[in-house]
Amino acid sequence: MSGQAERILITADQIQERIRELASEIERDYPDGPLYLVSVLKGAFMFVADLARAITHPAVRIEFMAISTYGHLKTSSGQVKVTRDLDVNIEGHDVLIVEDIIDSGVTLSYLARLLEQRKPRSLAIATLLDKPERRVQPVEVKYVGFQIPDEFVVGYGLDYDERFRNLRSVSTLAPHVYA
Ligand code: IMP
Ligand code: MG
């Protein structure tokens, strides 16, 4: 292996600044609370941690789900399965799904349909990153951190084969890492 593995696409400072903007929109849109932030493991763990800290009103709950999309390292296969479900009842509550990235939209359209069946008062989606060019299934997203081109990215929670999640910035991966 030679050369730099990653090239920074979005710096740590840019991420934090955008999260502050999203948090103030969310505070404005959900003044009453409680607001359930439902975060999708593992990729969204860093985003939900920073987003939750940037929201100043106290009526925020943080819940986790885990989902597996069988198959390839770099794409969703279309086979979505809940591997860890919520341990709270969201019926009648405002729910905001917090995701790391929307690519094909397969994961989130499945998850949104699943949670909608549980009759929340409202259901919306926040994603740090969005690759709109890649969409296969339509998803209505209320809060988008950054739209990015169709490139594989890592860092700030996102992995390639479980690596790079700890990076503070979002970076593109040089093809020699995964080609
Ligand atoms: P979707 O179901 O195709 O929208 O894929 C969503 C999931 O695929 C994300 O939650 C990530 O786990 C993974 N994913 C999609 N694109 C990337 C990427 O560029 N880097 C890392 N993971 C990605
Ligand atoms: Mg993920």
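Scope of the values below: all heavy atoms of this structure, side chains included, with no hydrogens, waters or symmetry mates. All ligand and atom numbering here is 1-based and tracks the order in the structure.
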Proximity flag D159 to ligand 1, non-hydrogen atoms under 4.0 Å: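 It does; at least one heavy atom falls under 4.0 Å.
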
Any L108 heavy atom less than 4.0 Å to ligand 1: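 No.
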
Neighbour count above 12 (heavy atom, 6.0 Å) for R18 CZ: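 More than 12 within 6.0 Å, yes.
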
Could you tell me which residues satisfy salt bridge (Lys or Arg N to Asp or Glu O under 4.0 Å) with D85, sequence neighbours excluded, listed by chain and number?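 Only R118 meet the salt bridge (Lys or Arg N to Asp or Glu O under 4.0 Å) criterion with D85.
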
Kindly list each side-chain donor-acceptor pair under 3.5 angstrom involving residues 147-158, sequence neighbours excluded, with atom names and distances?
residue: Y156; atom: OH; partner: M46; partner atom: O; Å: 3.4
residue: Y156; atom: OH; partner: D50; partner atom: OD2; Å: 2.6

With a 4.5 Å cut-off on side-chain heavy atoms, are L123 and I97 touching?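 I97 vs L123: side chains touch.
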
Given side chains that start at C-beta, do those of F64 and V48 come closer than 4.5 Å, heavy atoms only?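 When only atoms from C-beta onward are counted, V48 and F64 do touch, with a gap below 4.5 Å.
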
[X]: numbered ligand 1 atoms lying under 4.0 Å from its heavy atoms:
{"X": "K131", "result": "16 (N), 17 (C), 18 (C), 19 (O)"}
{"X": "E99", "result": "10 (O)"}
{"X": "L158", "result": "20 (N), 21 (C), 22 (N)"}
{"X": "V106", "result": "2 (O), 4 (O)"}

M65-V88 co-clustered via ILVMFWY side chain contacts under 4.5 Å: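 Cluster IDs for M65 and V88 match.
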
Could you pull out the closest heavy-atom pair between D29 and K142, with the gap in Å?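 What the structure gives for the nearest pair is OD2-CE, 3.8 Å.
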
Testing D159, V170, L173 for side chain to side chain contact (heavy atoms under 4.5 Å, CB included) with F164, which one passes?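 Between F164 and the candidates, side chain to side chain contact (heavy atoms under 4.5 Å, CB included) is satisfied uniquely by L173.
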
V153, portion touching ligand 1 at heavy-atom distance under 4.0 Å: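 Both backbone and side chain.
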
Heavy-atom distances under 4.0 Å are what count here, so tell me which part of R134 touches ligand 1: side chain, backbone, both or neither.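 For R134, no heavy atom sits under 4.0 Å from ligand 1.
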
Is it the case that ligand 1 has an N or O less than 3.5 angstrom from some N or O of G105?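 Between G105 and ligand 1, an N or O pair is found under 3.5 Å apart.
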
Would V154 count as a polar contact of ligand 1, with the cut-off being nitrogen or oxygen pairs under 3.5 Å?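 No, V154 has no N/O under 3.5 Å of an N/O on ligand 1.
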
Have a look at D130, T107, L111 and point out the one with the heavy atom closest to atom 6 (C) of ligand 1.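 Checking each option, the heavy atom nearest atom 6 (C) of ligand 1 is found in T107.
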
